[in-house]
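Note that these values count all heavy atoms, side chains included, but never hydrogens, waters or copies made by symmetry. It should be emphasised that the depicted structure is a prediction, and the values quoted were computed from it without experimental measurement.
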Amino acid sequence: MKTRTESMLELDGAQGEGGGQILRSALSLAMLQSRPLRLVNIRAGRKKPGLMRQHLACVKAAASVSSATVDGAEIGSTALEFRPAAIRPGHFEFKIGSAGSTMLVLQTVLPALLQANGESRVVLEGGTHNQMAPSSDFIGAAFLPQLARMGAEVAMTVERHGFFPAGGGRVEVRIAPRTLRPLELLERGESRGIDATAVLRSLPHHIAQRELDTAAQRLTLTNRRQLDLPAGPGPANALVLTAAFEHVTEVVVGLGEHGVSAEIVAKTAADELRAYLAHGAPVGEHLADQLLLPLVLAGGGSFVTGRPSLHLETNAAVIHAFDAARVDIRPDGSDPQRRYRVTVAV
């Protein structure tokens with residue numbers, strides 16, 4: 001990918017989705033290009049603007065991986081200057097605090113560590129299942145297999161699950177840098193079935209059974225099961241729906257909440273998966289924005305997805321701002337109302 005170090009790039013955090021995605025993608029690209037970054041109006045589109053604990057953890061993790069100097073790295077800060085040096089491999093431990101998302105921190109540092117000059121081991125402590133963040137189930141079953149198709153060697157082990165609000169999760173990720181090759185993901189391929197797993201910790205078993213029953217009413221399930229987690233910090237519940245195909249896997253997770261019935265949790269998750277199944281494209285909404293940076297590292301590629309999300313468009317805009325690649329998003333000829341072709345050219 002293109003590298004430039006001579007000038008600081010300034011980005012407006014209010015653009016696009018106006019949230020943490022801009023921060024994480026910008027940090028990743030700044031590390032990859034060894035380019036100084038100034039980000040202003042951080043999370044201006046959120047009810048509580050500025051860096052929260054979760055985002056500060058991403059900044060500190062990026063600084064550790066790239067030996068960066070940072071100004072503005074504090075809770076509530078709406079402006080940040082990040083000056084990375086060389087990416088270094090090694091053993092890293094990142095404690096996000098409470099239930100902050102381990103997967104969002106991994107998302108921030110993984111592109112850089114894929115380009116390091118040696119293997120790395122990353123241990124993350126915090127949440128593995130969070131609202132508004134990819135779950136460890138999604139990263140493990142949907143995202144990492146696509147990286148493997150591109151030639152990456154990334155192994156993730158969830159040693160302990162962590163849920164809001166207590167957290168307490170622990171994840172180990174081992175990364176062996178390899179030269180990535182372009183990915184073409186244009187069709188799902190043959191269906192291999194839909195599985196439903198109801199995850200429980202310190203809660204009555206009838207919750208899992210009600211979730212599984214509701215999912216079975218709305219989806220044709222191949223397998224259904226209940227997973228009881230060992231005792232941990234606080235009760236927890238999730239319904240994990242996995243639709244596997246020949247070339248891709250989609251994962252949808254519904255998280256149990258106090259005051260929300262098991263039926264509503266399952267119905268919401270099942271309806272999200274049904275929407276994915278209906279548009280016919282291989283790449284789901286969340287996998288789409290996850291794939292952009294790996295495709296930049298690989299020198300290009302393309303995939304077909306459903307209607308582009310604001311996260312996808314924002315990620316593409318950040319990549320354009322760094323002059324890292326051209327990202328073209330346009331209706332796909334096979335079904336231009338519901339399918340879109342995303343092409344990355346470096």
Side-chain angles (χ1 to χ4, degrees), residues 1-46 49-51 55-74 76-90 92 104-105 107-117 120 177 179-180 289-301 310-329 342-346:
M1 66 177 292
K2 300 174 183 177
T3 59
R4 298 194 303 177
T5 60
E6 71 281 2
S7 62
M8 177 174 287
L9 176 65
E10 180 165 322
L11 283 180
D12 186 352
Q15 66 179 296
E17 56 93 27
Q21 182 69 57
I22 299 171
L23 170 72
R24 292 186 294 272
S25 296
L27 289 171
S28 298
L29 285 161
M31 288 188 285
L32 290 167
Q33 294 189 351
S34 297
R35 183 170 187 183
L37 167 70
R38 176 173 170 78
L39 188 63
V40 298
N41 297 323
I42 296 173
R43 299 183 65 249
R46 297 296 183 259
L51 295 175
H55 312 98
L56 186 58
C58 293
V59 173
K60 290 182 175 179
S64 179
V65 165
S66 63
S67 303
T69 58
V70 186
D71 294 324
E74 57 189 43
S77 175
T78 58
L80 180 81
E81 288 194 4
F82 181 82
R83 302 177 187 85
I87 297 168
R88 64 181 184 92
F92 303 95
L104 291 180
V105 175
Q107 179 190 71
T108 304
V109 301
L110 182 57
L113 293 176
L114 285 169
Q115 297 293 290
N117 60 6
S120 294
T179 299
L180 299 187
D289 62 78
Q290 296 270 341
L291 286 177
L292 288 188
L293 281 181
L295 289 181
V296 172
L297 296 181
L310 193 53
H311 271 81
L312 174 62
E313 294 173 340
T314 301
N315 223 359
V318 174
I319 289 170
H320 175 75
F322 275 87
D323 196 25
R326 297 188 307 277
V327 181
D328 181 68
I329 305 173
V342 179
T343 303
V344 177
V346 176

Are T78 and R43 linked by a side-chain donor-acceptor pair shorter than 3.5 Å?
no

Got a sec, which residues hit side chain to side chain donor-acceptor pair (under 3.5 Å) with N315, two or more places apart in sequence or on another chain?
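Checked N315 against side chain to side chain donor-acceptor pair (under 3.5 Å); matches are S25.
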
Which atoms form the tightest heavy-atom contact between [X] and [Y], and what is the distance?
{"X": "G300", "Y": "V346", "value": "N-CG2, 4.0 Å"}
{"X": "V296", "Y": "A325", "value": "CG2-CB, 3.9 Å"}
{"X": "H55", "Y": "G50", "value": "ND1-O, 4.5 Å"}
{"X": "L32", "Y": "P111", "value": "CD2-O, 3.6 Å"}

Answer yes or no: is there a side-chain heavy-atom contact under 4.5 Å between [X] and [Y]?
{"X": "V344", "Y": "L291", "value": "no"}
{"X": "L113", "Y": "F92", "value": "yes"}
{"X": "E10", "Y": "E81", "value": "no"}
{"X": "I22", "Y": "E17", "value": "yes"}

Excluding sequence neighbours, so at least two apart, what forms side chain to side chain contact (heavy atoms under 4.5 Å, CB included) with [X]?
{"X": "P89", "answer": "A116, N117, S120"}
{"X": "A44", "answer": "A14, N41"}
{"X": "I42", "answer": "L39, L51, L80"}

Between R35 (side chain only) and S7 (backbone N and O only), is there a donor and an acceptor less than 3.5 Å apart?
yes

Could I get the full list of salt bridge (Lys or Arg N to Asp or Glu O under 4.0 Å) partners for E313, not counting sequence neighbours?
none

Taking only distance into account, with no hydrogens and no angle test, what donor-acceptor pairs under 3.5 Å do side-chain atoms of residues 57-74 form with protein atoms, sequence neighbours excluded?
residue	atom	partner	partner atom	Å
S66	OG	A62	O	2.8
D71	OD2	R83	NH1	3.2

Mind running side chain to side chain contact (heavy atoms under 4.5 Å, CB included) on L293 and L29 for me, showing each step along the way?
CA-CA 8 Å; L293 281 181; L29 285 161; 3.7 Å; yes

